[in-house]
Amino acid sequence: MVNITLPDGSVKSYEHKVTSLQVATEISEGLARNVLAAEVNGEIWDATREIASDASLKLLTFDSDGGKSTMWHSSAHLLAEALESLFPGVKLAIGPPIENGFYYDVDFMGQEFTDKDFKKVEEKMIELARLKSPFERIEISKADAVKYFQEKDDPYKLELLEGLEDGQITFYKQGGFTDLCRGPHIPHTGFIKAAKVMSIAGAYWRGDEKNKQLTRVYGITFLKNKDLTAHLALLEEAKKRDHRKLGKELGLFHFSPTVGMGLPLWLPKGADLRGRLENFLKEEQRKTGYLPVITPHIGNKKLYETSGHWAKYGDDAFKPIETPQEGEVYLLKPMNCPHHCEIYKAVPRSYRDLPLRLAEFGTVYRYEQSGELHGLTRVRGFTQDDAHIFCAPEDVKEEVGKVIDLVLYIFKVLKFEDFVAQVSLRDPGNPDKYIGDDENWDAAEKAIQEIADEKGLKTIVELGEAAFYGPKLDFMVRDAIGRKWQLGTVQIDYNLPERFELEYKGSDNESHRPVMIHRAPFGSMERFCAILIEHCAGKFPLWLTPEQVKILPISDRFNSYAKEVLELLNNYDIRASIDERSEKIGRKIRDAELERVPYMIIVGEKEAESGEVSPRKQGEGDMGSMKIETFAEFIQEEIKELLAN
RNA sequence: GCCGAUGUAGCUCAGGGGUAGAGCGUUUCCUUGGUAAGGAAGAGGCCACGGGUUCAAAUCCCGUCAUUGGCUCCA
């Protein structure tokens with residue numbers, strides 16, 4: 001008797017072994033047609049694998065992460081089969097599913113493989129998929145497995161086999177292709193209806209640059225052609241939103257090789273945007289008890305020896321700077337925290353001073369490898385919206401809670417509505433990796449999890465992802481087109497207070513060690529601006545955008561009336577300018593639309609006579625006529641709503 | 001840093017061993033208009049940089065630099 005418990009709690013009983021697919025068929029034929037894999041007792045299995053004893057069962061379709069990854073893993077095998085047939089003699093390394101598709105690392109053994117070959121491979125994959133070859137799971141002894149790959153002369157699989165234990169080894173076979181694989185796989189290749197080879201890149205065998213470089217072939221597949229089309233459309237959309245492209249078009253920032261790679265130059269509009277974001281956060285921080293501090297861009301190397309950063313991250317810092325006379329050694333600061341610790345130490349602290357929240361938009365410099373640089377998201381000089389909260393251990397929970405409130409407010413205002421909080425805790429199997437006593441760790445981990453729950457955050461817990469100095473809470477957002485980004489972070493730190501010997505006098509008249517909380521809601525201004533640009537496709541919220549209103553006179557004759565309107569809007573603190581070119585109104589509208597100015601106002605004879613304006617909303621169109629004051633108040637009202645707490 | 005691709009006008013890109021091309025932008029002139037591109041003329045390039053091959057190189061080869069897709073890394 002086999003009892004299968006389904007996610008809704010219902011139980012199905014069978015006389016004999018049963019496969020997930022059979023269970024699915026019983027529920028409905030339609031479901032069975034869509035089942036790619038199954039989660040059996042929390043482990044993902046082939047839907048065709050027999051379940052011999054009582055189990056909980058969750059059927060996985062393409063809508064689930066497990067279903068997708070199974071589908072893509074199987075697709076990697078299909079890709080490998082196609083490559084073997086088109087490029088005889090290729091050696092295969094590994095081929096896992098990834099977030100958007102899959103890849104296979106292939107040694108082409110000197111055969112040329114370029115993007116011109118993609119189409120051929122895609123067609124071959126589909127041709128093979130149409131055969132509906134089942135994925136067969138084969139348990140095999142290590143000796144037989146080794147023999148198989150020796151005969152096939154596949155050095156990579158043989159090396160992988162070395163690390164595997166006899167009795168644990170499985171092959172998967174579909175059609176004429178057999179691969180060493182743990183599985184699981186979809187029932188048969190026929191599910192794969194659309195295939196696309198996306199790109200190729202070099203990748204070292206086992207990620208080690210001493211090893212041979214293989215060709216990583218990226219691909220993606222879908223159950224329906226329509227889904228592939230939609231996916232490609234999404235990539236197109238992402239290209240359109242690329243902050244590097246929009247940054248250029250909208251005049252936000254610029255990179256000059258003469259200044260240096262990875263060192264962004266903020267143009268007036270970009271600086272305006274960023275400054276506004278900073279002021280927005282500064283104002284919120286002022287309201288919630290943060291104190292501003294400012295620290296220099298360099299600091300004595302000793303500072304970083306004390307903090308431990310030099311030992312751990314010295315290789316990722318710019319080379320030290322030396323004074324010409326005294327032989328002192330300085331570092332361009334890669335972190336703000338040591339400076340802030342010194343501010344803490346500037347005077348003796350009492351429990352009455354705590355929590356002490358020191359905030360600074362601190363610019364830091366880190367040596368990123370040249371190949372790592374990417375627009376504003378990965379740069380060598382960037383500004384953190386940094387703050388360090390020094391508090392008593394018992395206040396950690398409350399302080400983290402306040403940081404969460406701040407982050408949630410920012411997300412709400414900037415319309416990052418889809419996010420999860422990742423709670424990073426210690427790796428229980430590896431306690432030596434961490435500093436600080438267990439008691440504090442336990443308390444901090446508990447505090448973070450409790451407060452995250454109390455604040456109603458959707459959380460995922462990751463064991464072993466904590467920093468060596470304390471647990472973390474990171475916010476992962478999904479942007480408007482579904483891409484994931486890591487934004488704000490909150491980190492609890494026992495290390496630096498220890499290293500800098502920070503103390504405060506408690507109400508018991510004894511010395512105590514504070515806990516330090518690092519937090520940066522935006523992370524870095526550069527990276528955040530990049531994400532924001534892509535999130536809103538350059539259409540910034542009204543309160544934030546460099547130019548809120550563009551005044552468009554119908555002809556030169558109305559430029560003077562336009563100036564009156566401008567002056568009035570300025571009195572309402574509305575950022576506006578006039579398009580005085582002698583172009584037709586259609587042209588002025590088009591250009592303002594492309595500049596993503598949220599509101600245009602058209603002024604001509606009619607408006608000049610009645611003292612009104614005819615506003616037009618970006619992307620939407622004409623709003624009719626109204627008094628200038630009415631429009632100004634309308635703008636002010638919209639901003640108020642956007643910022644409402 | 002490593003591998004691949006790319007580098008031509010301010011921008012987007014075509015071309016390709018023998019006067020350097022287009023569209024957009026820009027400048028000047030004409031046009032003065034009612035909700036997403038009015039017209040004309042002109043300016044603008046050491047074809048990334050340095051070597052080589054060649055009678056001749058923007059074009060072919062080598063190197064450098066930068067950009068870019070990945071890999072590795074990310075306090």
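Just so it is clear, the structure is predicted and the values come from calculations on it, not from any experiment. Lettering of chains follows the sequences in order, A, B, ..., and the numbering in each one begins at 1.
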[N] [atom2] sits how many Å from [X] [atom1], rounded?
| X | N | atom1 | atom2 | value |
| --- | --- | --- | --- | --- |
| A:M626 | B:U35 | CE | P | 18 Å |
| A:N100 | B:G69 | CG | P | 15 Å |
| A:K239 | B:G69 | NZ | C1' | 11 Å |
| A:R581 | B:A37 | CZ | C1' | 10 Å |
| A:Y561 | B:G34 | OH | P | 19 Å |
| A:R590 | B:G34 | CZ | P | 19 Å |
| A:L594 | B:G25 | CG | P | 11 Å |
| A:D107 | B:C3 | CG | C1' | 13 Å |

Is there a donor in the side chain of [X] and an acceptor in the side chain of [Y], or the other way round, less than 3.5 Å apart?
| X | Y | answer |
| --- | --- | --- |
| A:K539 | A:T545 | no |
| A:Q422 | A:S424 | yes |
| A:K617 | A:Y599 | yes |

Report which part of the nucleic acid [X] touches: base, sugar-phosphate, or nothing (heavy-atom distance under 4.0 Å, all strands).
| X | value |
| --- | --- |
| A:K312 | nothing |
| A:Q486 | nothing |
| A:E605 | base |
| A:S614 | base |
| A:K606 | base |
| A:M261 | sugar-phosphate |
| A:G604 | base |

Query - is_close_aromatic(A:Y469, A:Y494), centroid dist under 6.0 Å - result: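 Ring centres of A:Y494 and A:Y469 not closer than 6.0 Å.
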
Query raised in the report: When the aromatic ring centroids of A:Y434 and A:F468 are compared, is their separation below 6.0 Å?
Result: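 Not under 6.0 Å, so no.
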
Please write out the pairs of protein N or O atoms and N or O atoms of nucleotides 5-8 of chain B separated by less than 3.5 Å, giving the distance to one decimal.
none

Thinking salt bridges, do [X] and [Y] make one under a 4.0 Å N-O criterion?
| X | Y | answer |
| --- | --- | --- |
| A:R274 | A:E526 | yes |
| A:K563 | A:E580 | yes |
| A:E445 | A:R426 | yes |
| A:R378 | A:E372 | yes |

Query raised in the report: Of the options A:R581, A:K550, A:K584, A:R596, which is the one that meets A:D591 in a salt bridge (Lys or Arg N to Asp or Glu O under 4.0 Å)?
Result: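 Result for salt bridge (Lys or Arg N to Asp or Glu O under 4.0 Å) with A:D591: A:R581.
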
**Report entry** Reference residue A:D242; test salt bridge (Lys or Arg N to Asp or Glu O under 4.0 Å); the match among A:K245, A:R244, A:K240
**Finding:** A:R244

Under-4.0 Å side-chain N/O to phosphate OP1/OP2 contact, [X] with [N]:
| X | N | result |
| --- | --- | --- |
| A:H374 | B:G69 | yes |
| A:K245 | B:U12 | no |
| A:Y218 | B:G4 | no |

Query raised in the report: Among A:H388, A:H340, A:K472, which residue meets the side-chain hydrogen bond (donor to acceptor under 3.5 Å, both in side chains) test with A:H518?
Result: A:H388

Considering only the [atom1] atoms, how many Å lie between [N] and [M], rounded to the nearest integer?
| N | M | atom1 | result |
| --- | --- | --- | --- |
| B:G45 | B:A40 | C1' | 24 Å |
| B:G70 | B:G63 | P | 25 Å |
| B:A20 | B:A9 | C1' | 10 Å |
| B:A43 | B:G50 | P | 27 Å |
| B:A48 | B:U8 | C1' | 10 Å |
| B:G18 | B:C61 | P | 15 Å |
| B:G42 | B:G51 | P | 37 Å |
| B:C13 | B:A56 | C1' | 28 Å |

Requested in this report: Return the set of residues passing salt bridge (Lys or Arg N to Asp or Glu O under 4.0 Å) with A:E342 (not counting sequence neighbours), or none when no residue passes.
Outcome: none

**Report entry** Which residues share a salt bridge (Lys or Arg N to Asp or Glu O under 4.0 Å) with A:R590, sequence neighbours left out
**Finding:**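 So A:R590 forms no salt bridge (Lys or Arg N to Asp or Glu O under 4.0 Å) with any residue.
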
Query raised in the report: What string of B, S and - do you get for nucleotides 27-32 of chain B, 5' to 3', when a contact is any protein heavy atom under 4.0 Å?
Result: ----BB

Query - Distance-only donor-acceptor test, A:R587 side-chain atoms vs B:A37 base atoms, 3.5 Å - result: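 Result: no qualifying N/O pair found.
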
Query raised in the report: For A:I98 and A:W72, which heavy atoms make the closest approach, and how far apart are they?
Result: O-CE3, 3.7 Å

Query raised in the report: Do A:K196 and A:T221 have side-chain heavy atoms sitting under 4.5 Å apart?
Result: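 Sidechains of A:T221 and A:K196: no contact.
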
Report task. Take A:I200 and A:F558, find for each the nucleotide of RNA chain B with the closest heavy atom, and name the residue whose nucleotide sits nearer the 5' end. Result ->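 Residue closer to the 5' terminus by nearest nucleotide: A:F558.
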
Between the protein and nucleotides 72-75 of chain B, which nitrogen or oxygen pairs come in under 3.5 angstrom?
residue, atom, partner, partner atom, Å
B:U72, O2, A:Q369, NE2, 3.0
B:U72, N3, A:E372, OE2, 2.6
B:U72, O4, A:E372, OE1, 2.5
B:U72, O4, A:E372, OE2, 2.7
B:C73, O2, A:R378, NH2, 2.9
B:C73, N3, A:R378, NH1, 3.4
B:C74, O2, A:R378, NH2, 3.1
B:A75, O4', A:Y313, OH, 3.2
B:A75, N6, A:D316, O, 3.3

Query raised in the report: How does RNA chain B look in dot-bracket notation if pairs are Watson-Crick or G-U with both distances under 3.5 Å, crossing ones as [ ], other-strand ones as |?
Result: (((((((..((((....[..)))).(((((.......))))).....(((((..]....))))))))))))....

